Number of protein chains: 2
Amino acid sequence: MFTRVLVAEDYEIANQGIIKILNEQVGIYDIEEAKYCDDAYKKFLKAHTSQKPIELLITDLSFKQDDTIQTIISGIDLIKDIRALQPDIKVIVYSQEDRLDKINLLFDRFNINGYVCKGQQAVTELIACVNGVYQGNIMLPPELTDNATTNNIIHLDDLDMMLLEELANGFTKKEIRIKLKKQNISPNSESSIDKRVSNLFDIFKAKNTTHLVAVVKDLGLL
Amino acid sequence: MFTRVLVAEDYEIANQGIIKILNEQVGIYDIEEAKYCDDAYKKFLKAHTSQKPIELLITDLSFKQDDTIQTIISGIDLIKDIRALQPDIKVIVYSQEDRLDKINLLFDRFNINGYVCKGQQAVTELIACVNGVYQGNIMLPPELTDNATTNNIIHLDDLDMMLLEELANGFTKKEIRIKLKKQNISPNSESSIDKRVSNLFDIFKAKNTTHLVAVVKDLGLL
DNA sequence: GATGGCCTTACAGATATCTGTAATTGGGCC
DNA sequence: GGCCCAATTACAGATATCTGTAAGGCCATC
């Protein structure tokens, strides 16, 4: 079993809970905990340069900042930074997130090793996840292994996401077209963009751009 | 100090954390825990009809359901139901929610006794909150007692919120104008609506309607 | 090499958005 | 009443959105 684990979770009580589980039910005792992204990174660094590097990172996705209320600093950056230094580190994300496509994205893009969704089954899932990851498996949450649901996942490609992002940021299609041209991304005609956005209207049953962004925000895709 | 406490929280790990705190740092040992709203209510009922009723309810606001993924059953209903039977029960809500106006609503409308925001300071706050509530105080979270921030809350009137809502729902200004006329709400000219929305652009530093809705969604106002 | 399907692009017309200016209304106040 | 101020409205022009049609390119398949 893993001997050195880092738990990054800004919600203190959850921290306590995780540590309790790891201690009592998985048999891991050498646990670092961090309530801030920065702090987690520092603790990782210290371990990384020592003789006893962290073998497993368990992290939340969103961290609230102290002073401001609404800023959210992503755990994804933490994962990227840590993986940049120690590519073989195992990563388990556990988060409130329950959008299947978003969770899927974590496995696709960031090669996380496991995912546990906060909820009633978190304890059982966490234990199974840590064990599975230790054995070298990719531990998908039960929701994702169920084929009936995965088939219903709408696949949006990079360009779709980029368009949604830029539209939500208030850029016009003209501006977006110029950006695409600059980055040498094709398609980059206003006509193509129109078509793609119209397609998104169909997918999300939106009446116009504003509605589209509202729907997508509600879904948590942005 | 309270002797009988009911903890309702669907996130198992947080449950564990809370119980640990109450045990070790507050000195409460007779704790019922529930992962479902229904379950919490049953345990409350059982205690209520016995010689040892619950004195304090600590509850989350949102509970995920088992089978479906995104359905959320509100802890507010739990509070209402429990208070209906035992009006003097003390209630502490702790939740992810950090919108000040929303938290304020809980005190205003549901007369909760305390609020703890999940986050880095949750342990300290929870301890202080339980102690304060025991002494009969209303324990506002630090964010709400701080005047500097409450003064900064932007006040939007009903019409502003209505406009934001309708725009997010994909209605055009023409459609909104017609709705307003139907409901005999003034102002109801397209020009006035334009002006008001432009004003919202200024307030939220938005470039256009789509951007505005995105910003407002991010802020949690919609 | 011809066919058909799919994606990209160009173009165009109707509608909506955004931003001004200017006219009108409706209090509050002296 | 007369004045002022702010909010509401009407109107207009430039820009953007949305929805078509049509033409061209790419690629797999026959």
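What you see is a predicted model, and the numbers here were worked out from it, not measured in a lab.
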Let me have a per-nucleotide readout for nucleotides 15-23 of chain C, 5' to 3', with B, S or -, counting only protein heavy atoms under 4.0 Å. -SSSB-B--
Taking atom CG as the centre, does B:D158 end up with more than 12 heavy-atom neighbours from other residues, nucleotides or ligands that are less than 6.0 angstrom away? no
Taking atom NZ of A:K42 as the centre, does the number of heavy atoms from other residues, nucleotides or ligands within less than 6.0 Å exceed 12? no
Between B:S192 and D:dT9, does any side-chain N or O lie under 4.0 Å from OP1 or OP2? yes
Are any of A:R196's side-chain N or O atoms less than 4.0 Å away from OP1 or OP2 of C:dC7?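 It does not, given that no N or O in the side chain of A:R196 lies less than 4.0 Å from OP1 or OP2 of C:dC7.
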Give me the ring orientation class for A:F2 and A:Y134: parallel if the planes are under 30° apart, tilted from 30 to 60°, perpendicular past 60°.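 Rings of A:F2 and A:Y134: perpendicular, as their planes differ by over 60°.
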Per the side-chain hydrogen bond (donor to acceptor under 3.5 Å, both in side chains) rule, what does the pair list look like for residues 191-208 of chain A, sequence neighbours excluded?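 Passing the test, one end in residues 191-208 of chain A: A:D157-A:R196, A:D160-A:R196, A:K173-A:D194, A:S189-A:S192.
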A:E165: side-chain hydrogen bond (donor to acceptor under 3.5 Å, both in side chains) partners, not counting sequence neighbours: none
